[in-house]
There are 2 protein chains.
Amino acid sequence: MDERLTGTVAAFRQIIATLRREKMAGGLSRAAGMPLDQPDVQVLVYLLDAGEPRRVGAIADGLQVAGPHVTRHVSALEGRGLLERVRDPEDGRAWQITLTSEGDKVAQQCVELTTAWFGAAMADWPEEDRDELLRLLTKLNTDVTEHIQRQRVN
Amino acid sequence: MDERLTGTVAAFRQIIATLRREKMAGGLSRAAGMPLDQPDVQVLVYLLDAGEPRRVGAIADGLQVAGPHVTRHVSALEGRGLLERVRDPEDGRAWQITLTSEGDKVAQQCVELTTAWFGAAMADWPEEDRDELLRLLTKLNTDVTEHIQRQRVN
DNA sequence: TATTGTTATACTCTATAACTATA
DNA sequence: TATAGTTATAGAGTATAACAATA
């Protein structure tokens, strides 16, 4: 068995545990001046990254969660004026979820704060290591996703 | 703002989402021939890594969860014969939690299966990249933990 | 009086099932 | 009849508060 892999998995697991416990959403709520839980933030940031309106189903796929979960948070965020539901002109069953300008602002704050947080944590990282981490995590993401899909087929 | 960091955070978040959805514990249960939820596995693997009996409080610290959470899973695992509670000879309030030989076996299976899973996902990774991922995640783990502690002080 | 662990309770995140409206 | 989304309900994981026993 590859000792390196065991160590890598352990490190990964611990980072996840640490970040979970940190409850970043509390800080984001304070910065945004309104209550935002973690799935709220994920929906907002997903839409910001997308750069254009997206369906409820697309958000669920992107975040890898079930549809009803997205529905609930979209409804809450709509109620707070951070996004809007617009009927999809090409499919009367679907909605296009759109960030309002307020929602766009809040989403950007979330990204900036999170990035700044990691930036501070990694303040003394050399350029090469930053490049490498991005490259390797991106690759890991691809390979893990592919591996799961391969397994599904079998 | 560092674009690399934004990408790194995004990749990290997506890997977490993918792994969460994969519900590894189901496969581990099947392999072990008994129901094991995710916190069960974490407790077992923590004790295996420790290599010797540990207190409930130490397990909670190590997994970064609250005490009562550990108590519940320790009780369940004890009921299934995977571990034992032995009074700490030096402190009558505390328990030393010990893996039974059965528990040790199951914990090893969990580690092996998880490692094998990642090994398959990363099958075509060159040696250097494996080394680098281990090095960078270990470093990230250290730096994130330190950053949180620095913030706590302020 | 402080600490270890437990019991009881509640909260957050997410899933599944049943339903509705449209295709 | 299939699909997009919603409503209602349930489950997993974890936290907080109140307590017991020992230090």
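Computed from a prediction, not measured in an experiment: that's the story for all the values here.
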Using the side-chain hydrogen bond (donor to acceptor under 3.5 Å, both in side chains) criterion, which residues pair with [X]? Sequence neighbours excluded.
{"X": "B:Trp125", "value": "A:Asp143"}
{"X": "B:Arg4", "value": "A:Glu127, A:Asp131, B:Asp2"}
{"X": "A:Glu102", "value": "none"}

- Quick one: A:His69 NE2 to C:dT12 P, roughly how many Å, whole number?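 Spelled out: NE2 on A:His69 to P on C:dT12 is 13 Å.
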
- Task: Return the value, rounded to whole Å, for the distance between atom CG of B:Asp88 and atom P of C:dG5.
- Result: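 Rounded to whole Å, this separation is 8 Å.
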
[atom2] on [Y] to [atom1] on [X], rounded to 0.5 Å:
{"X": "B:His73", "Y": "B:Leu83", "atom1": "NE2", "atom2": "CG", "answer": "12.0 Å"}
{"X": "B:Thr8", "Y": "B:Arg13", "atom1": "OG1", "atom2": "CZ", "answer": "11.5 Å"}
{"X": "A:Glu78", "Y": "A:Thr98", "atom1": "CD", "atom2": "OG1", "answer": "10.0 Å"}

- Qualifying side-chain hydrogen bond (donor to acceptor under 3.5 Å, both in side chains) pairs, either residue in residues 61-70 of chain B, two or more places apart: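 Listed by first then second residue: A:Thr18-B:Gln64.
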
- Message: Could you work out, with salt bridge (charged side-chain N to carboxylate O under 4.0 Å, His left out) as the rule, every residue matching B:Asp37, not counting sequence neighbours?
- Response: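 Salt bridge (charged side-chain N to carboxylate O under 4.0 Å, His left out) check on B:Asp37 returns nothing, list empty.
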
- Please list, chain by chain and in numerical order, all residues satisfying salt bridge (charged side-chain N to carboxylate O under 4.0 Å, His left out) with A:Lys139, sequence neighbours excluded.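 Once residues adjacent in sequence are excluded, the partners of A:Lys139 under the salt bridge (charged side-chain N to carboxylate O under 4.0 Å, His left out) criterion are B:Asp129.
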
- Message: If the test is side chain to side chain contact (heavy atoms under 4.5 Å, CB included), which one of B:Val41, B:Ile97, B:Leu63, B:Val70 qualifies with B:Tyr46?
- Response: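 Exactly one pass, corresponding to B:Leu63.
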
- Who pairs with A:Trp117 by ring-ring contact (aromatic ring centres under 6.0 Å, His included), at least two apart in sequence or on another chain?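 In terms of ring-ring contact (aromatic ring centres under 6.0 Å, His included), with neighbours along the sequence ignored, A:Trp117 is linked to B:His147.
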
- Where along residues 70-78 of chain A does a heavy atom come under 4.0 Å from DNA chain D, residue by residue in number order?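 Listed by number, they are A:Thr71.
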
- Message: Using a 4.0 Å cut-off on heavy atoms, which residues in residues 15-54 of chain A reach DNA chain D? List them by number, or say none.
- Response: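 Only A:Arg20, A:Arg21 qualify.
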
- Got B:Arg55 and B:Asp88 here, is their nearest side-chain heavy-atom distance under 4.5 Å?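 Yes, side chains in contact.
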
- Can you list every ring pair (Phe, Tyr, Trp, His ring centres under 6.0 Å) pair that touches residues 12-32 of chain A, not counting sequence neighbours?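 Non-adjacent pairs meeting ring pair (Phe, Tyr, Trp, His ring centres under 6.0 Å): A:Phe12-B:Phe12.
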
- Contact letters for nucleotides 17-23 of chain D, in which S counts primed atoms plus P, OP1 and OP2 and B counts the base, heavy atoms under 4.0 Å: B---BBS

- Item | Sugar-phosphate, base or nothing in reach of A:Ala94, heavy atoms under 4.0 Å |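 Sugar-phosphate only.
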
- Query: Of all the base pairs, Watson-Crick or G-U under 3.5 Å, which form stems of three or more consecutive pairs involving DNA chain C?
  - Reply: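 Only these stems qualify: C:1-23 with D:1-23.
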
